[in-house]
Number of protein chains: 2
Amino acid sequence: MSLRHALLGLLVDRTASGYDLMKLFDTSLAHVWPATQSQVYGELTRLADAGLLEVVGQGPRGRKDYALTDTGLTELRRWLADPSAEQPRRSDTLLRVFFIDVLPPEQRLEYLKHLADQAAGRHADLRKVRDTLDWAEEGRLTANGAIALEFGLRFTAMQEEWARWAAQLIASREGGTGAEGS
Amino acid sequence: MSLRHALLGLLVDRTASGYDLMKLFDTSLAHVWPATQSQVYGELTRLADAGLLEVVGQGPRGRKDYALTDTGLTELRRWLADPSAEQPRRSDTLLRVFFIDVLPPEQRLEYLKHLADQAAGRHADLRKVRDTLDWAEEGRLTANGAIALEFGLRFTAMQEEWARWAAQLIASREGGTGAEGS
DNA sequence: TGTTTCATGTAAGACGTTACATGATTGG
DNA sequence: CCAATCATGTAACGTCTTACATGAAACA
């Protein structure tokens with residue numbers, strides 16, 4: 001249920017339309033909380049109905065500018081300080097690892113190598129983003145976005161190392177004994 | 001759409017009932033692909049209708065034993081080798097970091113410290129699991145489960161380090177200049 | 001006989017994705 | 001005048017969660 005909090009957060013220091021917010025989702029929040037246009041417009045209506053947002057202006061083409069209400073800010077603060085609620089993590093990468101023995105030996109290593117390369121690629125992409133970042137810009141989103149970016153860098157580095165480690169382990173498993181696959 | 005592949009994978013080297021499979025989900029796959037009873041029974045019916053599974057035996061209390069068909073095995077292999085389809089990741093932890101300035105300064109550090117401690121706690125839990133693992137058991141799930149476990153260990157370690165790094169960064173930001181929050 | 005475990009299912013609702021539909025305004 | 005951009009919405013469908021419903025069999 002955090003799409004609503006993402007919207008509240010984006011409206012803390014500006015008013016914006018659904019269209020504006022979508023652009024923010026597709027840039028700043030793309031890797032943290034992706035959302036579709038369909039979802040954003042629907043949730044904005046619901047948030048306004050619930051009194052967490054209000055329409056403070058209308059523009060051309062039916063544009064509606066939304067602003068955070070006091071109730072909305074309170075709810076945002078409540079959520080931010082709430083340390084509970086680890087959402088259940090699903091990983092189809094790890095799920096594949098569980099069943100990797102179903103593949104013939106060459107394909108096992110191929111898959112793990114692919115994972116490592118993919119992680120390395122995403123790491124390189126993120127590095128490029130960091131090096132291109134406009135540090136002159138001093139908004140909340142760029143400053144804290146950099147912290148999220150650092151998470152991504154560390155995560156992709158870890159993932160690559162892990163995949164290479166796993167490939168080695170599986171290779172040695174095959175080398176050490178006869179084939180144990182299905 | 002990977003619940004179905006989890007079910008196919010679990011049925012590679014045994015037949016099982018929905019009830020049996022639920023136990024596997026709650027133990028082996030709990031941290032990788034959680035599923036509810038409701039979901040499992042529904043998906044089993046659909047998979048049998050689609051010909052990927054078949055009922056090979058009935059037991060007391062309406063028990064139905066499912067087995068993988070050739071079509072099912074083929075589909076599982078296809079999915080395992082398919083390197084595409086990174087699912088979009090959502091992280092409410094990182095989302096909170098984006099908006100952390102909305103909190104008063106003490107609470108910012110408190111939140112990050114909480115993240116670090118939580119990661120450390122989960123790391124300790126996983127370590128305990130690893131050290132208690134029955135290495136005599138030589139199934140696919142324990143062997144590959146250990147690889148997934150290693151991922152968890154590395155991930156939680158990384159998360160703790162990152163949270164402590166972020167806390168330091170934010171603390172220095174506040175110390176260096178005047179308060180910049182909303 | 002009564003409790004626990006085994007065993008399967010349905011229903012309602014939240015959340016997310018994809019696709020479709022519509023039209024005003026701006027700028028070249 | 002034409003294309004791109006701005007701007008909002010709806011509908012269908014799939015997945016996941018929570019809660020409810022039912023009952024047979026094992027065991028003490």
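Note on naming: letters A, B, ... go to the chains in the order of the sequence lines (proteins, then strands), and numbering restarts at 1 for each one. Predicted model, so just to flag it, every value in this text is computed and none were measured.
- Look at B:Glu161 and B:Arg164 and you find no salt bridge, because none of the NZ, NE, NH1 or NH2 atoms lies under 4.0 Å from a carboxylate O.
- In this structure, B:Asp131 contributes its side chain and B:Lys128 its backbone to no donor-acceptor pair below 3.5 Å.
- The side-chain tip of B:Arg4 does not point at the ring of B:Trp79 from less than 6.0 angstrom away and within 45° of straight on.
- The side chain of B:Gln39 lies closest to D:dC16 when the candidates are C:dT18, C:dA7, D:dC16.
- Remark: A:Arg63 is not in phosphate contact with C:dG23, judged by side-chain N or O atoms under 4.0 Å from OP1 or OP2.
- Nearest-nucleotide positions on DNA chain D place A:Gly18 closer to the 5' end than the other of B:Pro60 and A:Gly18.
- Remark: P of D:dT17 and CG of B:Leu3 are 10 Å apart, rounded to the nearest angstrom.
- Under 4.0 Å is where a charged nitrogen must lie from a carboxylate oxygen, and between A:Asp117 and A:Arg122 no such pair does.
- As rounded to whole Å, 13 Å separates atom P of C:dA7 from atom CD of B:Gln58.
- A straight line from CZ of A:Arg89 to C1' of D:dT17 spans 18 Å, rounded to a whole angstrom.
- Atom-to-atom, CD of A:Gln37 to P of D:dT8 comes out at 9 Å; the value is rounded to the nearest Å.
- Checking D:dG14, D:dC16, D:dT8 against every side-chain atom of B:Trp33, the shortest atom distance belongs to D:dC16.
- Under 3.5 Å, the side chains of B:His114 and B:Gln118 contain a donor-acceptor pair of N or O atoms.
- Comparing C:dT5, D:dA19, D:dC6 by their closest approach to the side chain of B:Arg61 singles out C:dT5.
- Between A:Tyr19 atom OH and C:dA24 atom P the separation is 17 Å, expressed in whole Å.
- The base of C:dT18 does not come close enough to the side chain of A:Thr36 for any donor and acceptor atom to sit less than 3.5 Å apart.
- Distances shown here put every side-chain N or O of A:Lys23 at or beyond 4.0 Å from the OP1 or OP2 atom of D:dT5.
- Here B:Ser17 lies in heavy-atom contact (under 4.0 Å) with sugar-phosphate atoms only.
- Atom-to-atom, CG of B:Asp26 to P of C:dA7 comes out at 15 Å; the value is rounded to the nearest Å.
- If you check C:dG9, D:dT10, D:dT8 against the side chain of B:Tyr41, the one that comes closest is C:dG9.
- Here D:dG23 presents its C1' atom at 15 Å from NZ of B:Lys64, a figure rounded to the nearest Å.
- In terms of polar N and O atoms assigned as donor or acceptor, the side chain of B:Ser38 never comes within less than 3.5 Å of the base of C:dA12 in a complementary pairing.
- Looking at heavy-atom distances under 4.0 Å, B:Arg90 makes contact with sugar-phosphate atoms alone, never a base.
- The interatomic distance linking A:Arg4 (CZ) with C:dA14 (P) rounds to 11 Å, in whole Å.
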